[in-house]
Amino acid sequence: MEVFPSPLESAKFIADNSKDVSVDEEGARRVAESLFDKVSAADFGLAGWKSLHELNPQAASEEAVDWVFLVDTLNFSFWSEREEQKYLVKYKGKTHSGYWSLCAAVNRALDDGIPITSASYFATMTLDQVKHVFRSDTEVPIPLIEERHRLLNESGTVLLEKFGGSFLTCVKMSEKSAQKLLHLVLQNFPSYRDEAVFEKKKVSFYKRAQILVADTWSVLEGKGDGSFDDISSLTIFADYRIPQVLVHLKAMKYSEELMKKLREGTVFHSGDKEEVEIRGCSIWCCALICKHLLELYEKKGQDMREKINAVLLDYYLWDYARDHREEMKDIPFHRVRCIYY
Ligand SMILES: Nc1nc2c(c(CN[C@H]3C=C[C@H](O)[C@@H]3O)cn2[C@@H]2O[C@H](COP(=O)(O)O)[C@@H](O)[C@H]2O)c(=O)[nH]1
């Protein structure tokens with residue numbers, strides 16, 4: 001497998017050479033200050049993954065780990081061309097959109113007795129079965145349904161052939177190292193190789209691979225096979241919501257030219273210069289926010305390295321973006337239709 005620089009090294013290189021996106025160091029510092037009191041709250045930590053999100057598995061079982069693998073294999077591209085016409089899934093009396101619509105559809109299937117999280121099932125699912133499981137409660141189908149079908153078959157087959165059908169087997173092979181698990185996923189599951197070329201250099205983001213490791217850490221509550229001693233080595237997950245919230249919080253800025261393209265709803269392609277700059281600067285910006293937060297606590301004699309890392313900062317910012325849609329509506333998100341985020 002080709003060797004790419006890590007997402008953090010890539011992000012530094014991109015931020016140093018970016019033309020249309022800039023990280024505002026002062027803005028990042030102000031965001032860190034505004035989060036100072038929040039990071040010590042209980043739901044900022046690992047426990048929030050379950051306590052704040054009813055659709056996430058509440059157990060820490062092998063089945064819960066398989067749920068995480070299935071969901072993160074499909075955890076991409078929920079945005080719709082028009083806000084008023086989008087894929088929605090009704091589940092237990094609530095209507096879910098975006099990422100949560102995926103989780104709702106998975107839980108709906110499980111309640112209906114469809115073993116959607118079992119590799120032996122999704123490795124050989126037909127397109128029609130995938131369409132049924134992920135059927136929409138509006139006229140708008142889930143985006144990229146054919147790609148989702150291909151990824152289910154591909155990743156289910158690898159899971160059966162190499163890991164006995166259980167992602168927990170893969171986790172155990174990582175020997176409690178987040179980086180080892182990240183690289184096992186990249187080596188064995190091609191759809192997770194989220195890479196690009198920028199200014200003639202190879203760069204990586206590994207959004208789904210890193211969130212898979214992070215969600216595995218979360219579902220196992222940071223204990224046992226999920227007690228990754230190097231979880232802080234992960235970066236945030238470069239999706240299309242984190243950039244939006246960083247610009248909203250004035251920690252990152254777009255050029256007038258880029259803002260114009262985004263406002264016009266321009267659809268970019270994976271690897272486009274604008275997309276790479278947005279994603280790389282987002283990762284670098286959050287690394288700075290984490291650094292400033294740790295320094296603020298250090299000044300008070302507190303070592304918060306167990307409580308503050310890019311994973312928990314990401315979860316917080318992503319949930320913030322979800323809860324502040326209205327206030328953020330003037331900040332456009334970048335549109336790329338792809339299987340990476
Ligand atoms: N950076 C980052 N990106 C994330 C997530 C999640 C789900 N994680 C939740 C589960 C447990 C945690 O507690 C989180 O609350 C989904 N996404 C991405 O967002 C986009 C969907 O957005 P919307 O259309 O608004 O639903 C899409 O690219 C999807 O891949 C995250 O956590 N971080």
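Indexing begins at 1, ligand by ligand and atom by atom, following the structure's order. Just so it is clear, the model here is predicted, and its values are computed rather than measured.
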Completion exercise
When Asn56, Asp215, Asn107, Thr117 are each screened for side chain to side chain donor-acceptor pair (under 3.5 Å) with Trp67, the one that passes is Asn107

Handout entry: Validation row, ring centre Phe69 to ring centre Phe163 under 6.0 Å
Key = no

Handout entry: Atoms of ligand 1 close to Tyr341 [distance to a heavy atom under 4.0 angstrom, numbered from 1]
Key = 28 (O)

Handout entry: Distance-only side-chain donor-acceptor flag, Ser80 / Gln85, under 3.5 Å
Key = no

Exercise for the section: Kindly indicate whether the side chain of Phe44, heavy atoms from C-beta on, has any atom under 4.5 Å from the side chain of Asp37. Expected result: no

Problem - Closest approach of any protein heavy atom to atom 17 (N) of ligand 1, naming residue and atom - result: Trp318 NE1, 3.4 Å

Practice task
Answer yes or no for Arg208: is there a heavy-atom contact with ligand 1 below 4.0 Å?
Solution key: no

Handout entry: Region of Arg322 engaging ligand 1 - heavy atom pairs below 4.0 Å
Key = side chain

Exercise for the section: State, to 0.1 Å, how close Val311 and Ala214 come at their nearest heavy-atom pair, and which atoms those are. Expected result: CG1-CB, 3.7 Å

Exercise for the section: Check whether any side-chain heavy atom of Glu195 sits under 4.5 Å from a side-chain heavy atom of Lys202, and report yes or no. Expected result: no

Problem - Residue, atom name and distance, where the atom is the protein heavy atom closest to atom 15 (O) of ligand 1 - result: Asp319 OD1, 2.8 Å

Exercise for the section: State whether a side-chain donor-acceptor pair under 3.5 Å links Ser136 with Thr138. Expected result: yes

Exercise for the section: Could you say whether the N/O atoms of His53 and ligand 1 ever approach to under 3.5 Å? Expected result: yes

Fill in the blank from the handout: of all protein heavy atoms, closest to atom 18 (C) of ligand 1 is Asp239 OD2, 3.6 Å

Fill in the blank from the handout: Out of Leu46, Asp314, Asn56, Asn75, the nearest non-hydrogen contact to atom 2 (C) of ligand 1 is supplied by Asp314

Completion exercise
Among non-hydrogen protein atoms, atom 11 (C) of ligand 1 lies closest to Trp49 NE1, 3.1 Å

Problem - Close N or O approach (Phe237, ligand 1; < 3.5 Å) - result: yes

Handout entry: Minimum heavy-atom distance Ala104-Tyr91, with the two atoms named
Key = CB-CB, 3.8 Å

Practice task
Give a yes/no on ligand 1: does Tyr315 have at least one heavy atom closer than 4.0 angstrom to it?
Solution key: yes

Practice task
Check each atom of ligand 1 against the heavy atoms of Gly98 and keep those under 4.0 Å away; list them by number with element.
Solution key: 24 (O), 26 (O)

Practice task
Do me a favour and list the nearest non-hydrogen protein atom to atom 25 (O) of ligand 1 with residue, atom name and distance?
Solution key: Arg325 NH2, 2.4 Å

Problem - Within the 6.0 Å centroid threshold, strictly below: His334 and Tyr341 - result: yes

Problem - Contact partition for Lys86 relative to ligand 1, non-hydrogen atoms under 4.0 Å - result: neither

Handout entry: Side-chain (Tyr297) to main-chain (Phe36) donor-acceptor, under 3.5 angstrom
Key = yes

Problem - Any N or O of Tyr99 closer than 3.5 Å to N or O of ligand 1 - result: yes

Practice task
Please confirm whether the backbone N or O of Tyr320 pairs with a side-chain atom of His324, one donor and one acceptor, at under 3.5 Å?
Solution key: yes

Exercise for the section: May I ask you to identify, for Leu317, whether its side chain, its backbone, both or neither come under 4.0 Å of ligand 1 on a heavy-atom basis? Expected result: neither

Exercise for the section: Starting from atom 24 (O) of ligand 1, locate the nearest protein heavy atom and write down its residue, its atom name and how far away it is, to 0.1 Å. Expected result: Tyr240 OH, 3.0 Å

Practice task
Answer with yes or no whether Ile236 contacts ligand 1, where contact means a heavy atom under 4.0 Å from a ligand atom.
Solution key: no

Handout entry: Heteroatom distance test (Trp100, ligand 1): nitrogen or oxygen, under 3.5 angstrom
Key = no

Exercise for the section: Would you mind reporting whether Lys250 and Glu26 have side-chain heavy atoms less than 4.5 Å apart? Expected result: no

